Amino acid sequence: MPDKSTREEFFPEVYEIVKQIPFGKVLTYGGVARLAGRPQYSRMVGQAMFNAPADLHLPCHRVVNHKGGIAPNWPEQKELLIEEGVTFKKNGCVDMKKHRWNTELLLE
DNA sequence: AAATTGACGGTTA
DNA sequence: GTAACCGCCAATT
């Protein structure tokens, strides 16, 4: 059988990880990529989110970039995080120092 | 087939 | 601490 596109194998993996993000926590695209086993696929994670259907109940609003900022053209993500108790810095970036999910602790 | 783009990360200046 | 550049992978034009 022909090798499946990277999407077919990477996307579902990303969805599983994002769904495992605890309440009131945030994770960077690179963090999700690393848990997925592809630390360099940070971009694909973003593409996965954009392609992520709402049917999966995917808390993509808990996924932010390493700048602590949110996705372009999606300002409501910030509101959703605030609603979960996440604190934003003055420049509009999430306080990664406190809300970044301890992914390295789970890698064992 | 080649070049460009994209919800990014990390390092260097 | 902030700014800029390079590097990564896949999809699209």
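Values below: every heavy atom of this structure, side chains too, minus hydrogens, waters and symmetry copies. All chains are named by letter (A, B, ...) in the order of the sequence lines, taking the proteins before the strands, and each is independently numbered beginning at 1. Since we're looking at a predicted model, the values are computed, not measured.
In this model, the phosphate group of C:dA10 is approached by a side-chain N or O of A:Thr6 to a distance below 4.0 Å at OP1 or OP2. Residue A:Tyr41 places no side-chain N or O under 4.0 Å from the OP1 or OP2 atom of B:dC8.
With B:dG9, B:dA7, C:dA11 as the choices, the nucleotide that has an atom nearest any side-chain atom of A:Arg7 turns out to be C:dA11.
Atom P of nucleotide C:dA11 and atom CZ of A:Phe10 are separated by 12 Å, given to the nearest angstrom. One interatomic measurement links the two molecules: CG of A:Asn91 to C1' of C:dT2, which rounds to 11 Å at whole-angstrom precision. Note: CZ (A:Arg38) to P (B:dG9) measures 18 Å, nearest angstrom. Regarding A:Phe11, its CZ atom lies at a distance of 12 Å from the P atom of B:dA7, rounded to whole Å. Atom C1' of nucleotide C:dA10 and atom CE of A:Met44 are separated by 4 Å, given to the nearest angstrom. In this structure, CD of A:Glu13 is placed 14 Å from P of C:dA10, rounded to the nearest angstrom. Note: CZ (A:Phe50) to C1' (C:dT12) measures 13 Å, nearest angstrom. Atom pair A:Arg100:CZ and B:dC8:C1' shows a separation of 13 Å (rounding to whole Å applied).
Non-hydrogen atoms lying under 4.0 Å from DNA chain B are contributed by A:Asn65, A:His66, A:Ala71, A:Pro72, A:Trp74, all within residues 61-75 of chain A.
The two residues A:Met49 and A:Leu58 make their nearest non-hydrogen contact at CE-CD2, 3.7 Å. A:Tyr15 approaches A:Ala48 most closely through the heavy-atom pair OH-O, 3.2 Å. A:Ala36 approaches A:Ile17 most closely through the heavy-atom pair N-CD1, 3.3 Å.
You won't find any donor-acceptor pair under 3.5 Å spanning the side chain of A:Arg43 and the base of C:dC9, going by distance alone.
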Check step by step if side-chain contact (heavy atoms from CB on, under 4.5 Å) holds for A:Val64 and A:Leu81. CA-CA 10 Å; A:Val64 296; A:Leu81 289 171; 4.2 Å; yes
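Side-chain atoms of A:Gln77 come within 3.5 Å of backbone atoms of A:Val63 as a donor-acceptor pair (strictly under, hydrogens ignored).
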